[in-house]
Structure formats: structure tokens, C-alpha cells
*Asks:* 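My questions all concern the structure below.
Each chain gets a letter, A, B and so on, in the order the sequences are listed, and its residues count up from 1.
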Amino acid sequence: DAGVIQSPRHEVTEMGQEVTLRCKPISGHNSLFWYRQTMMRGLELLIYFNNNVPIDDSGMPEDRFSAKMPNASFSTLKIQPSEPRDSAVYFCASSLEAGNTIYFGEGSWLTVV
Amino acid sequence: AQSVTQLDSQVPVFEEAPVELRCNYSSSVSVYLFWYVQYPNQGLQLLLKYLSGSTLVKGINGFEAEFNKSQTSFHLRKPSVHISDTAEYFCAVSQFGSNYKLTFGKGTLLTVNP
């Protein structure tokens, strides 16, 4: 069974450019999460969707960040405009129900220069 | 609010030695507890979790953890490690009532040397 699929795996972009990260959760899972991992701050929850609806976006850093989930099998995290401090690994994760085991994708490694 | 403290950022051990990775948490309500492992350039994989019941939890790859409510700890142990256990280990907590929201510790890098 396929796990959580993220793309791109690696992206290098220039400051000011728009970045779009994509995620396909595990089929049948109704909870989707976006996390960010940095050396300084560790793993942080950015946003949580349940049944395609954003439930908690309190971790989204600022207005430059936006996330959507147009259907049960696809989500995007967009950064516009990107800044060097956005450089991090962005993980998408999904679970069958809130509170169940969360399965992580392999991450999107973003470098903003 | 909840928080997790992993007391050691790095733990070097020799192959076949026992290991304990320490985790303490803080929460005003009851919690669920988790240990995840992250191998280089990969996502996180669940090792084990405590939801309720027996305080000794067994997970994959021979790891186990014990929930100690009085000491607010959830230490991870393995009696004999292998080179392949080299990875970063994360302790995480979520609260009853908002159990979707995992708060992670900063991680412990376990390095197993031959």
C-alpha cells in the first residue's frame, strides 16, 4: 500500500519566488497534517485538515503561507513570496482519524537562497 | 499547553549495548505518548505509543517504553542495539480532547558504533 506521497522531494528556489509543495495522503485517511522541521525549532505543526476542512492553522507562520485541500486525495502548501528563513523540511502526514497513528511522508527539502 | 523535553540531544553507544533515551513531558490534562524514529533523509515512523492500559509498551524493532505518570516520563529502551538503529528518535505527546495535535521533542540522535 502506498504511503503518503510528497513532491517535490527537493527544491532550491530564489528568495521572492513562489513555492508549492504537494501531498497525496494515504487513501481512506481523513486527517491530514503539514509539519515543518528545522534545526532550531524542531518539528512544528503548521496546519491540520479533517475531511478536507482546515481545523487548526494556528501554526502557520504568517500570511505568506497558505494551505489547501481541494479533495480527499490532494493537498498543497504554498509559500509566496519565499524567504531564506523558510528553508526547512516540510512533512505531510495523514491518519485514519484524529488521534490515530500518524503516517509521515518522506518530506520536501526546501532551500531558499 | 503541553511540552516535551528530550534530555539528551545525542547518545553514542556501542553495538549490542543497552540504551535508554529519556523523555519527560508536561501537560495539565491526561495525555497520549509516542516515540517516532527518523532515519537519514526519511520521514518519521511510529515506534510505539501509549494510549491507556499497561504502562509498559512494546514497539517495533525490539524497542519498549514505560509510562511513569508520577515522574511524567516515557523513556525508550532497547536491551541490545544494532548498527541499523542509528537514527534520530522523537518523543511526542498529544492531549485528550485535542488528540490530533502532536507536540514533539527536539529529538535524540542515537549513534551505534561497531
*Asks:* Quick check: is B/Val19 connected to B/Ile60 through a chain of hydrophobic side chains (ILVMFWY, heavy atoms under 4.5 Å apart)?
*Replies:*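 Yes, it is one cluster - the side chains of B/Ile60 and B/Val19 are joined through contacts under 4.5 Å.
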*Asks:* Given heavy-atom pairs under 4.5 angstrom as the criterion, report whether the side chain, backbone, both or neither of B/Gln38 touches chain A.
*Replies:*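 It is the side chain, since no backbone atom gets that close.
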*Asks:* Let me know if A/Arg9 has heavy atoms under 4.5 Å from chain B in its side chain, its backbone, both or neither.
*Replies:*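 Contact with chain B is through the side chain of A/Arg9 alone.
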*Asks:* Does any heavy atom of chain B fall under 4.5 Å from the side chain of A/Gln37, the backbone, both, or neither of them?
*Replies:*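 When you check distances to chain B, only side chain atoms of A/Gln37 fall under 4.5 Å.
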*Asks:* Quick one: pull up CG in B/Leu46 and CZ in A/Phe104 and give me the separation to the nearest 0.5 Å.
*Replies:*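 Reported to 0.5 Å precision, the distance equals 9.5 Å.
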*Asks:* Roughly how far, to the nearest 0.5 Å, is CE of A/Met40 from NZ of B/Lys106?
*Replies:*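 The distance works out to 7.5 Å.
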*Asks:* Quick check: is A/Val4 connected to A/Ile47 through a chain of hydrophobic side chains (ILVMFWY, heavy atoms under 4.5 Å apart)?
*Replies:*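 No; tracing contacts between hydrophobic side chains, which count when under 4.5 Å, never links both residues.
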*Asks:* Calculate, to the nearest 0.5 Å, the distance between atoms CG and OG belonging to A/Leu45 and B/Ser94 respectively.
*Replies:*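 Taking CG in A/Leu45 and OG in B/Ser94, the distance rounds to 11.5 Å.
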*Asks:* According to a hydrophobic-cluster definition based on side-chain heavy atoms being under 4.5 Å apart (Ile, Leu, Val, Met, Phe, Trp, Tyr only), do B/Val37 and B/Val93 belong together?
*Replies:*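 As far as the 4.5 Å side-chain criterion goes, B/Val93 and B/Val37 are connected within one cluster.
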*Asks:* When only heavy atoms count and the cut-off is under 4.5 Å, which of residues 54-65 of chain A reach chain B?
*Replies:*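 Contacts with chain B: A/Asp56, A/Ser58.
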*Asks:* Answer with yes or no whether the hydrophobic clustering places B/Leu47 together with B/Tyr39; edges join I, L, V, M, F, W, Y residues whose side-chain heavy atoms lie under 4.5 Å apart.
*Replies:*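 In one cluster: yes.
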*Asks:* Do you reckon B/Tyr50 sits in the same ILVMFWY cluster as B/Phe34, going by side-chain contacts under 4.5 Å, direct or chained?
*Replies:*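 No; B/Phe34 is not reachable from B/Tyr50 via cluster members.
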*Asks:* Is the OH atom of A/Tyr103 crowded by more than 12 outside heavy atoms at less than 6.0 Å?
*Replies:*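 It does not: A/Tyr103 OH has 12 such atoms or fewer within range.
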*Asks:* Name the option with the most non-hydrogen atom pairs under 4.5 Å to chain A; the candidates are B/Gly43, B/Ala92, B/Gly105.
*Replies:*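 Most heavy-atom pairs within the cutoff with chain A belong to B/Gly43.
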*Asks:* Counting only non-hydrogen atoms closer than 4.5 Å, does A/Tyr35 touch chain B with its backbone (N, CA, C, O), its side chain (CB onward), both, or neither?
*Replies:*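 Just the side chain, heavy atoms under 4.5 Å.
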*Asks:* Nearest 0.5 Å, what's the CD-CG distance between A/Glu44 and B/Leu102?
*Replies:*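 Taking CD in A/Glu44 and CG in B/Leu102, the distance rounds to 14.0 Å.
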